[in-house]
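Before any comments, here is the structure.
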Amino acid sequence: MEVKLSIRISFGVLLALYLGTGIAAISVGGYFIHTEENSRRSIIVTKNVIALLFVAGAYIILNALVGIIAGLSPLSRKRWLQAYVWLIVIIMFVETGVGIWLWLRTLDIDDLYGHNWRHLWSDSFKRTFQDSAQCCGYLGPLDGPVMASPSCQLPSDRAFGCMTSVQKYAQSYLTYIYTGVFVLVFLSLGAMISGMILMIVRNDEERWRWTRANAIFRSMNYDTPDSTITDKYRKGTPNQSP
């Protein structure tokens, strides 16, 4: 009895996909690390988000390496396989927490970006929105405008705020982020389940080998006569000749 090839192939495929998510996280972080500070996408892809991508990617890659070591010899590397599964459980909790945190932030997106516009974002950063959307200020020309922008030189009855533009831009990025988090959780769940299945199968294999070894050992003891009893019998048995 051996671990079925189909189970090991499924484990390997899901492990490879899981490893791919870690590589993708680091690649995306590396791409966005060159983002200019005044670029509009930095309202979503902040330095903290980039750091999180690098940390998550490195964690997943190390976790996958543990899985590779365990998968090469699951029967003799039980501890490695257990560590692989538990490390996935931890990252899944983190991923779920990040997803909930992002969702909660979008519930008050108006207040969030309104506060950032008025108190946190630089004039050069706000101007990128004003120039791209031909808007002025957040709610209107009187709400934190950058007057150097051409759109703020328009008559007040023709000027409008940038709130809608900011929200649409943020939502377009949040859609990609939600999709990425969902895919990451889904693949993590698949990798965890395949690891658990491999754990169950290798435990059954180990149990079967121990049972078979014990049965062979007992049969050998049963078939081998006790030399003490045999000698006693030979000495104590008279020669019964007529």
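Every heavy atom of this structure was used, including side-chain atoms; hydrogens, water molecules and symmetry mates were not.
- By the rule that hydrophobic residues join a cluster once side-chain heavy atoms approach within less than 4.5 Å of another member, L120 and I50 end up as members of one cluster.
- Nearest heavy atom pair, residue Y176 against residue S172, reads CD1-O, 3.0 Å.
- I60 is not listed as a side-chain neighbour of I26, based on a closest heavy-atom distance of 4.5 Å or more.
- Atoms CG and CD1, from L81 and I69 in turn, are 12.0 Å apart once rounded to the nearest 0.5 Å.
- Here the closest non-hydrogen pair linking L72 and R8 is O-NH2, 3.3 Å.
- The distance from atom CZ of R77 to atom CZ of R202, rounded to the nearest 0.5 Å, is 12.0 Å.
- Cluster annotation: V183 is not connected to V49 through the hydrophobic network of ILVMFWY side chains, with a link wherever side-chain heavy atoms come within less than 4.5 Å.
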Under 3.5 Å, sequence neighbours excluded: what are the donor-acceptor pairs made by side chains of residues 130-141?
unit_1	atom_1	unit_2	atom_2	d
Q130	OE1	G137	N	3.0
Q130	OE1	V146	N	3.2
Q130	NE2	V146	O	3.1
D131	OD1	S149	OG	2.6
D131	OD2	R127	NE	3.2
S132	OG	R40	NH1	3.4
S132	OG	T128	O	2.9
S132	OG	F129	O	3.1
Q134	NE2	D131	O	2.9
Y138	OH	D110	O	3.4

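- Put simply, L65 and V55 are part of two different groups of oily side chains (I, L, V, M, F, W, Y) that touch within less than 4.5 Å, one to the next.
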### Task
List the steps and the verdict of side chain to side chain contact (heavy atoms under 4.5 Å, CB included) for Y113 and M163.
CA-CA 8 Å; Y113 291 123; M163 181 181 70; over 6 Å; no

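- No single ILVMFWY cluster, assembled from side-chain heavy atoms under 4.5 Å apart, contains both I200 and W80.
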### Task
Show your working on side chain to side chain contact (heavy atoms under 4.5 Å, CB included) between L184 and S188 and close with a plain yes or no.
CA-CA 6 Å; L184 186 56; S188 299; 4.2 Å; yes

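- Here the two rings, on Y178 and F182, have centers that are 6.0 Å apart or farther.
- Under the 4.5 Å side-chain heavy-atom criterion for Ile, Leu, Val, Met, Phe, Trp and Tyr, I177 and L187 are members of distinct hydrophobic clusters.
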Would you list the atom pairs, donor with acceptor, under 3.5 Å between side chains in residues 83-94 and any protein atom, with sequence neighbours excluded?
none

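- W121 and F125 have perpendicular rings, their planes meeting at more than 60° on a 0 to 90° scale where under 30° would count as parallel.
- In this structure, CE on M199 lies 12.5 Å from CE on M192, to the nearest 0.5 angstrom.
- One distance of note links CZ of F54 with CZ of F32; it measures 11.5 Å at 0.5 Å rounding.
- Contact annotation: the side chain of K78 approaches that of N203 to within less than 4.5 Å [non-hydrogen atoms, C-beta and beyond].
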Show me the side-chain donor-acceptor pairs of residues 9-25 shorter than 3.5 Å, one per line, residues at least two apart or across chains.
unit_1	atom_1	unit_2	atom_2	d
S10	OG	S6	O	3.0
Y18	OH	N63	OD1	2.8
T21	OG1	Y18	O	2.4

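- If you take CG on L189 and OG1 on T96, they are separated by 9.5 Å, rounding to the nearest 0.5 Å.
- The line from CG of N116 to CG of L112 is 5.0 Å long, rounded to the nearest 0.5 Å.
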